[in-house]
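Residue numbers run from 1 in the order of the sequence given. Only this structure's heavy atoms are used, side chains among them; waters, hydrogens and symmetry mates stay out. Counting starts at 1 for both ligands and their atoms, in listed order.
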Amino acid sequence: MNQYRRIVILTGAGVSAESGLGTFRDKNGLWTKYDLREVATPEGFAANPHKVHEFYNARRQNLKNAKPNAAHLALSRLEKKHRSEVLLVTQNVDNLHEQAGSGNLIHMHGELAKIRCQQCDHVSEWTNDLSVGTPCLACAETGTMRPHIVWFGETPFDMNAIYEALSLCNLFVSIGTSGSVYPASGFVDEALRADAHTVELNLEPSEGQSLFAERHYGPATKIVPDYVARLLEI
Ligand code: BJW
C-alpha cells in the first residue's frame, strides 16, 4: 500500500457497461446507432438542436434506472481505504461514481445531469427532458440551454488539474476505455513521463495496450474489485 503515494485512475464507458449504460465503440455501441457529428459536436447542435436534445434526453432517462456496480463500489472503497491520494478522472457523463461514494472525482467530459446556459454560462442540475424552450434558471433566456457535455472539438474540463495530477502520480490505472479519444488517450504517456507504474483493466486490449506495464482483461465487475483488493493488501 505504501508503494503508491499518488494514484490517478481514468475510467471510460466500460466501467458502466454492466450497469446497463451503453458504450460508444463496441458492437451495438452508441456510435453504431448515431452519427457522432450530428449529436456530439457543436456544429451538430447548431444544425439540429432538437435531435441533440432527443439523444441526451433518452440517455438522461436511461440513467435514472442505472445503479453503480461492483467496479464503481470498489473504486470508492479504494479512495476511502488507501492511504495515498486517489484521483478518479472519468470520461463518463453518468453519475455512478458519485452514487458509489467517490468524492475526489473529475468529470472531464461533463455531466448528463447538468445543463449550461450558452448566454450566461450558468450550470444547473437537470434530470428532466431539455428542449429549446427550456429557460435558463439564472438569466431566464430561452433557446440558450445545452447539455453540460464536452463535444468533439471542445476543450475537456479541468485539464490543468488532470495534467498536474498525472505529473505527480506513481500509479496510473486505465479502466474500461478504448483509448481512442484524445486527450484521455494520451494520459498514459504523461504518467510514463512521471515514471509511474501503468495498468490497464479492460474487457479486451485497447489501442494503447503496449504502453501499460500491467494488464488484466475481463468484465469490470470482476477485474476491478480483484485489482483493488490486491492494492489494498500490498
Ligand atoms: C468493458 C466492458 C466491461 C466494454 N468491462 N470493459 C481529428 C479530427 C477531429 C478531432 C480530432 C481529430 N484527431 C483528434 C481529435 C480530437 C478529438 C478526438 O480524440 N477524436 C478522435 C475520435 C479521433 N477529441 C476532442 O475533440 C476532445 N477535445 C480536445 O481534444 O480538445 C483539445 C484539448 C485537449 C487537451 C487540452 C486542451 C484542449 C473532446 C472529446 C469529447 C468526447 N466526447 C464524447 C461524447 C460526449 C460524452 C457523451 O455524450 O457521453 O465522450 S465521445 C465518447 O468517447 C465519450 C467518451 O467519454 C469517449 C471515450 O469513449 P470510451 O469511454 O473509451 O468508450 P468506448 O466505447 O470507446 O470504449 C469502451 C471500452 O470498454 C472498450 O475498450 C470495451 O472493450 C470496454 N468494455 N464492456 C470492462 N463490461
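Using a 4.5 Å heavy-atom cutoff, the side chains of Leu36 and Phe24 are not in contact. Considering only heavy atoms from C-beta on, Leu201 comes within 4.5 Å of Val199 through its side chain. Under the 4.5 Å side-chain criterion, counting only non-hydrogen atoms from C-beta, Tyr4 is not in contact with Glu85. With contacts defined as side-chain heavy-atom distances shorter than 4.5 Å, the pair Phe172/Arg6 does not qualify. Residues Asn57 and Phe55 have side chains not in contact (no heavy-atom distance under 4.5 Å, counting atoms from C-beta outward). Looking at heavy atoms from C-beta onward, Glu98 lies out of side-chain contact with Pro68 at the 4.5 angstrom threshold. No side-chain heavy atom of Thr23 sits less than 4.5 Å from a side-chain heavy atom of Leu30. Side-chain contact check for His97 versus Thr11: some heavy-atom pair is nearer than 4.5 Å.
Near Asp26, meaning under 4.0 Å from one of its heavy atoms, ligand 1 places the atoms 4 (C), 72 (C), 74 (C), 75 (O). Those atoms of ligand 1 that come under 4.0 Å of a heavy atom in Val93, given as number and element, are 47 (C), 50 (O). Atoms of ligand 1 found under 4.0 Å from any heavy atom of Pro219 (numbered from 1 in listed order, with element): 5 (N). Taking a cut-off of under 4.0 Å to the non-hydrogen atoms of Gly176, the atoms of ligand 1 that pass are 6 (N), 69 (C), 70 (C), 71 (O). The contact set between ligand 1 and Gly12, taken as ligand atoms under 4.0 Å from a residue heavy atom, comprises 62 (O). Taking every non-hydrogen atom of Arg59 and a distance limit under 4.0 Å, the qualifying atoms of ligand 1 come out as 48 (C), 49 (O), 50 (O). Those atoms of ligand 1 with a heavy atom of Val150 less than 4.0 angstrom away are 41 (C), 42 (C), 43 (N), 46 (C). Residue Ala220 has at least one heavy-atom neighbour below 4.0 Å for each of these atoms of ligand 1: 3 (C), 5 (N), 79 (C).
When heavy-atom distances to ligand 1 are checked against a 4.0 Å cut-off, Glu18 comes that close only through its side chain, counted from C-beta outward. Contacts between Tyr56 and ligand 1 below 4.0 angstrom, taking non-hydrogen atoms only, involve the side chain exclusively. Here Ile149 has side-chain heavy atoms under 4.0 Å from ligand 1, and that is the only part of it that gets that close. At a 4.0 Å heavy-atom cut-off, ligand 1 touches Ala17 through the side chain alone. Only the side chain of Pro156 comes within 4.0 Å of ligand 1, counting heavy atoms alone; its backbone N, CA, C and O stay farther away. At a 4.0 Å heavy-atom cut-off, ligand 1 touches Leu203 through backbone and side chain alike.
By the 4.0 Å heavy-atom criterion, Gly29 is excluded from the residues contacting ligand 1.
Annotation: Met159 places no N or O atom under 3.5 Å from an N or O atom of ligand 1; distance criterion only. Taking only nitrogen or oxygen atoms, main chain and side chain alike, Tyr163 does not reach within less than 3.5 Å of ligand 1. Polar contact with ligand 1: present for Phe24 (N/O pair, distance under 3.5 Å). At under 3.5 Å, not a single nitrogen or oxygen of Ala40, backbone or side chain, sits near a nitrogen or oxygen of ligand 1.
Atom 56 (C) of ligand 1 lies below 4.0 Å from at least one non-hydrogen atom of the protein. Atom 38 (C) of ligand 1 lies below 4.0 Å from at least one non-hydrogen atom of the protein. Within the 4.0 angstrom cut-off, atom 8 (C) of ligand 1 has no protein heavy-atom neighbours. There is a protein heavy atom less than 4.0 angstrom from atom 70 (C) of ligand 1. Of the protein's heavy atoms, at least one falls inside 4.0 Å of atom 47 (C) of ligand 1. Atom 11 (C) of ligand 1 is never approached by the protein to below 4.0 angstrom, counting heavy atoms only.
Here the protein heavy atom with the shortest distance to atom 60 (O) of ligand 1 is Arg25 NH1, 3.0 Å. Of all protein heavy atoms, the one lying nearest to atom 14 (C) of ligand 1 is Tyr182 CB, 4.5 Å. Of all protein heavy atoms, the one closest to atom 28 (N) of ligand 1 is Glu154 O, 2.7 Å. In terms of protein heavy-atom proximity, atom 59 (C) of ligand 1 is nearest to Gln91 OE1, 3.3 Å. Looking only at protein heavy atoms, the nearest one to atom 52 (S) of ligand 1 is Phe152 CZ, 3.3 Å. For atom 23 (C) of ligand 1, the closest heavy atom belonging to the protein is Ser180 O, 4.2 Å. The protein heavy-atom contact nearest to atom 45 (C) of ligand 1 is Trp31 CZ2, 4.1 Å. Among all protein heavy atoms, the one lying closest to atom 51 (O) of ligand 1 is His109 ND1, 3.3 Å.
Taking SG of Cys169 as the reference point, atom CZ of Arg5 lies at 9.0 Å (rounded to 0.5 Å).
A cation-pi geometry, defined here as NZ or CZ lying under 6.0 Å from the six-membered ring centre and within 45° of its normal, holds between Arg146 and Trp151.
Remark: Arg37 CZ is loosely packed, at most 12 non-hydrogen atoms of other residues, nucleotides or ligands lying under 6.0 Å away. Other residues, nucleotides and ligands place no more than 12 heavy atoms under 6.0 Å from the CG atom of Asn160. At most 12 heavy atoms of other shown residues, nucleotides or ligands fall within 6.0 angstrom of atom CD in Glu54.
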Lys222 vs Asp226, test: salt bridge (Lys or Arg N to Asp or Glu O under 4.0 Å). Steps then yes/no. CA-CA 6 Å; Lys222 167 83 177 92; Asp226 287 355; 2.4 Å; yes
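A donor-acceptor pair is defined here as one N or O able to donate and one able to accept, closer than 3.5 Å; such a pair exists between the side chain of Thr41 and the backbone of Gly44. One N or O on the side chain of Lys64 and one on the backbone of Thr127 form a donor-acceptor pair closer than 3.5 Å.
The residue from Ser178, Pro205, Ser16, Ala13 that puts a heavy atom closest to atom 67 (O) of ligand 1 is Ser178.
Salt bridge status for Arg193 with Glu190: present, with a side-chain N to carboxylate O gap under 4.0 Å. Under the 4.0 Å criterion applied to side-chain N and carboxylate O atoms, Lys51 and Glu38 are assigned as salt-bridge partners.
Paired with Val93 under the rule side-chain contact (heavy atoms from CB on, under 4.5 Å), one option of Leu112, Val150, Leu21, Leu63 passes, and it is Leu112.
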